[in-house]
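One structure is given below, encoded as structure tokens.
The basis for the numbers below is simple: all heavy atoms, side chains too, and nothing from hydrogens, waters or symmetry mates. Everything quoted here is computed from the prediction, not taken from an experiment.
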Amino acid sequence: MREPVVTALGHAGLRLDAPGVRLLADPWLSPRGAFLGAWFPFPDNSHLLTPELLDVDLVVVSHEHLDHLDLDLIAGLPADVPVVIPRYPSTIMQRRLRAIGRTRVVVLDAWQRYPLGPDPDDWLTVIPEQCPMSHDSAVLIKVAGRSLLHTNDARISLAQTRRAMAEIGGPFDLMGVQMSGASWHPVSYEYDEVERERISTIKRVGKFKAVTRLVRSVQPRLVMPYAGPPCFLDDELFELNSGLQPGGIFPDQGEALAWLAERLPEQPGVCLLPGDRVELGGLEVSRDPHWQGFSLDAGAEERRRYLTEYAARRHTAIEAAWAANPPAAPGLAERFKAHFESLGTLSEYFLARIGMNVRFEVSGPGGGVWDAHIGPNHVFVDLDGGDCPADYRLVLDGRWLDGVVCGRTRWEELLLSLRFTARRQPDRYNDYLVGLLKHADRAALRAIEEFEAARDPEETIEITVDGRQLQISRFCPHAGEDLAETGVVINGVLRCLGHNFEFDLTTGSCLNARSDPLAVKVGGSYEEVSEAV
């Protein structure tokens, strides 16, 4: 039997060729980029966009972010090619796919198997994150006796990966792990360089440690870090590429693999560039000759030259993004007020947990200073803002905001575009504000409320800190991560590696975000929580 072969497409995309099935997973190849023309895959993977690559039986997409849900590419596939997606509380993915004419959309529940041919042992399934605050899923594939766990952007738990191993009957042949985000915090915040670097280091190392824990526990036959990372080719954003350098907020595949190799020296790993292939039987790697002379660690000067040339090739796409978002038409302030106040009707639960004034400083035609007073019971927008204190401030061009108000752009896309600057005082993260904006969907917000209400605050684990024996909540008050898996104690503070929320182990209060407190009791036997991965 011919062994399955996985081809890396760049970013998080994969192609799988196996007996009886050819599929694409989270492909991102269209030349116009994503998120208002801000993101492009690094390195450039456009040489892969050929009729042969697109000759597939199936596409599976993990979530709605446009660096995974490539609408241009999917729209060009034959109408009979099904698109498999996870079921989320929001139906935004189904609506977006219908809008481009896709009629064969298969929506899978968690762990539901989708057959990959007549053999009942050939299938794929999806594994959504446990907390519905994030609509992300891993994809698990078993075909021709081989297995692939593609985590995409999902922060799946150790318990979920153990179940996945039980489903396929052993260790994974290949496990793809995401080790670089594209976080707009701290990138778009008004920090000085020292503070921005400090926060970037915490976030990068936290992500690396969480993945290391998972890989150490799972021990796949081969681990493949993919990161993206994205790069930024618009002149207005180009200097953000400094985050691509070693130690930056956007680590590349090579840096991620080096981290794993140092800490898990017995774990086989591979760095694949777009077009590189790995055969899942013998785990033999075939390199794409396109990359002869290219190196991820060629140095800052060479990387800048590469990105400058890449930007020139994408100049038309970037111009198109600006053309699609012209200066705002008259009446932006009134449209914004109606739009934002409508958000206040979606969830009283979220409003009560936001409770802040968000200031919008909007430049360009029709702009101004507008204060959105959010919570505890409603939202009121003052179009003559600026006089009262602001807990949060966003500064942006009205052309990008108008896209959200008019419905051609989602808040999540605007925030991920990095086309704004931000400041918060006090400097504490509020997940409910971000959740309200990124979902803006009644069903999605209700699912989060129900999930949080269902958590059992009485279930605890036992730890020791500086000789003290403590009982703490087993599940993180933020997103329900199992702290037996994701908790680390550093200098008397418990950090959940799932999303880097930190809790004081004396009071239980969250130190760096808006969150319910962690339950902390002194006494009892204990289970040590490691101070380092």
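- The backbone N or O of Asp136 lies less than 3.5 Å from no partner atom in the side chain of Arg155, so there is not a single donor-acceptor pair.
- At a threshold of 4.5 Å between non-hydrogen side-chain atoms, the residues Arg98 and Gln94 count as touching.
- Distance CG/Asn512 to CD/Glu502: 4.5 Å, rounded to 0.5 Å.
- Met179 has its side chain within reach of Leu260: a pair of non-hydrogen atoms, C-beta onward, lies under 4.5 Å apart.
- Looking only at atom types and distance, the side chain of Lys521 has no donor-acceptor partner in the side chain of Thr460 under 3.5 Å away.
- Ring to ring, Phe250 and Phe42 are not that close: their centroids are 6.0 angstrom or more apart.
- Atoms CG and CD1, on Asp431 and Ile448 in that order, are 8.0 Å from each other to the nearest 0.5 Å.
- Listed for the Asn152 side chain is a donor-acceptor partner under 3.5 Å among the backbone atoms of His150.
- Trp322 is listed as a side-chain neighbour of Glu236, based on a closest heavy-atom distance under 4.5 Å.
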Ile74 and Val61: CA distance, side-chain angles, deciding distance, side-chain contact (heavy atoms from CB on, under 4.5 Å) verdict: CA-CA 10 Å; Ile74 294 172; Val61 180; 4.0 Å; yes

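- Remark: side-chain polar atoms of Gln160 are paired, donor with acceptor, to backbone N or O of Ser157 under 3.5 angstrom.
- Annotation: side chain of Ser200 is in contact with side chain of Pro186 (closest heavy-atom distance under 4.5 Å).
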Residue pair Cys388, Arg359: steps toward the side-chain contact (heavy atoms from CB on, under 4.5 Å) verdict: CA-CA 10 Å; Cys388 63; Arg359 177 162 297 151; 4.1 Å; yes

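- When all heavy atoms of Asp441 and Ser90 are compared, the pair lying nearest together is OD2-OG, 3.8 Å.
- The aromatic rings of Trp28 and His11 sit perpendicular to each other, their planes meeting at more than 60°, with 30° as the lower class boundary.
- Nearest heavy atom pair, residue Gly435 against residue Leu445, reads O-CD2, 3.8 Å.
- With Arg410 contributing its side chain and Lys438 its backbone, the two residues share a donor-acceptor pair below 3.5 Å.
- Ring geometry, His63 versus His68: the interplanar angle falls from 30° to 60°, so the pair is classed tilted.
- Salt-bridge check for Glu193 with Arg196: passed, with a basic side-chain N closer than 4.0 Å to an acidic carboxylate O.
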Evaluation steps, side-chain hydrogen bond (donor to acceptor under 3.5 Å, both in side chains), between Asp427 and Tyr191: CA-CA 11 Å; Asp427 191 8; Tyr191 296 124; 2.8 Å; yes

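- Here the side chain of Arg399 pairs a donor or acceptor atom with the backbone of Asn325 at under 3.5 angstrom.
- For Glu197, the CD atom counts as loosely surrounded, since its 6.0 Å shell holds 12 or fewer non-hydrogen atoms of other residues, nucleotides or ligands.
- Residue Arg32 places its CZ atom among 12 or fewer non-hydrogen atoms of other residues, nucleotides or ligands, all under 6.0 Å distant.
- Distance check: Leu14 CG to Leu9 CG gives 6.5 Å after rounding to the nearest 0.5 Å.
- A donor-acceptor contact shorter than 3.5 Å links the side chain of Gln178 to the backbone of Ser180.
- Within a 6.0 Å radius of CD in Glu348, other residues, nucleotides and ligands contribute 12 heavy atoms or fewer.
- Aromatic rings of His439 and Tyr88 (six-membered ring for Trp) have centroids beyond the 6.0 Å cut-off, not under it.
- In this structure, CZ in Phe475 is found 11.5 Å from SG in Cys496, a value given to the nearest 0.5 Å.
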Residues Leu97, Leu69; criterion side-chain contact (heavy atoms from CB on, under 4.5 Å); working and verdict: CA-CA 9 Å; Leu97 288 165; Leu69 178 64; 4.0 Å; yes

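- When each of Val84, Ile127, Asp26 is paired with Ser62, the side-chain contact (heavy atoms from CB on, under 4.5 Å) condition holds for Asp26 and for no other.
- At distances below 3.5 Å, at least one donor-acceptor pair connects side-chain atoms of Thr151 with backbone N or O atoms of Gly176.
- Although no hydrogens or angles enter the test, the distance criterion places no donor-acceptor pair under 3.5 Å between the side chain of Asp109 and the main chain of Gln112.
- Here the closest heavy-atom approach between residue Leu36 and residue Arg419 is recorded as O-NH2, 3.0 Å.
- Salt bridge annotation for Asp402-Arg335: present, with a cationic side-chain nitrogen under 4.0 angstrom from a carboxylate oxygen.
- For the pair Pro477/Phe501, no side-chain contact is recorded, criterion being any heavy-atom separation below 4.5 Å from C-beta on.
- Note: Phe336 and Trp370 meet the aromatic proximity criterion, with ring centroids under 6.0 Å apart.
- Side-chain atoms of Leu416 and Trp411, non-hydrogen and from C-beta on, never get closer than 4.5 Å to each other.
- Look at Lys337 and Glu334 and you find no salt bridge, because none of the NZ, NE, NH1 or NH2 atoms lies under 4.0 Å from a carboxylate O.
- A salt bridge links Glu167 to Arg113: at least one charged side-chain nitrogen sits closer than 4.0 Å to a carboxylate oxygen.
- With values rounded to the nearest 0.5 angstrom, Ile374 atom CD1 is found 5.0 Å from Ile354 atom CD1.
- Between Pro230 and Phe35 there is no side-chain heavy-atom pair separated by less than 4.5 Å.
- A donor-acceptor pair under 3.5 Å is formed between the side chain of Asn241 and the backbone N or O of Phe232.
- At least one side-chain heavy atom of His185 sits less than 4.5 Å from a side-chain heavy atom of Arg424.
- Between the side chains of His135 and Glu64, no donor-acceptor pair of N or O atoms lies under 3.5 Å.
- No donor-acceptor pair closer than 3.5 Å links the side chain of Arg353 to the backbone N or O of Gly375.
- Trp400 and Thr409 form no side-chain donor-acceptor contact under 3.5 Å, judged by distance and modelled atom types alone.
- Distance check, rounded to the nearest 0.5 Å: CG of Leu483 to CG of Leu518 gives 6.5 Å.
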Check against side-chain contact (heavy atoms from CB on, under 4.5 Å), Ile168 and Trp123: CA-CA 10 Å; Ile168 59 102; Trp123 48 266; 3.8 Å; yes

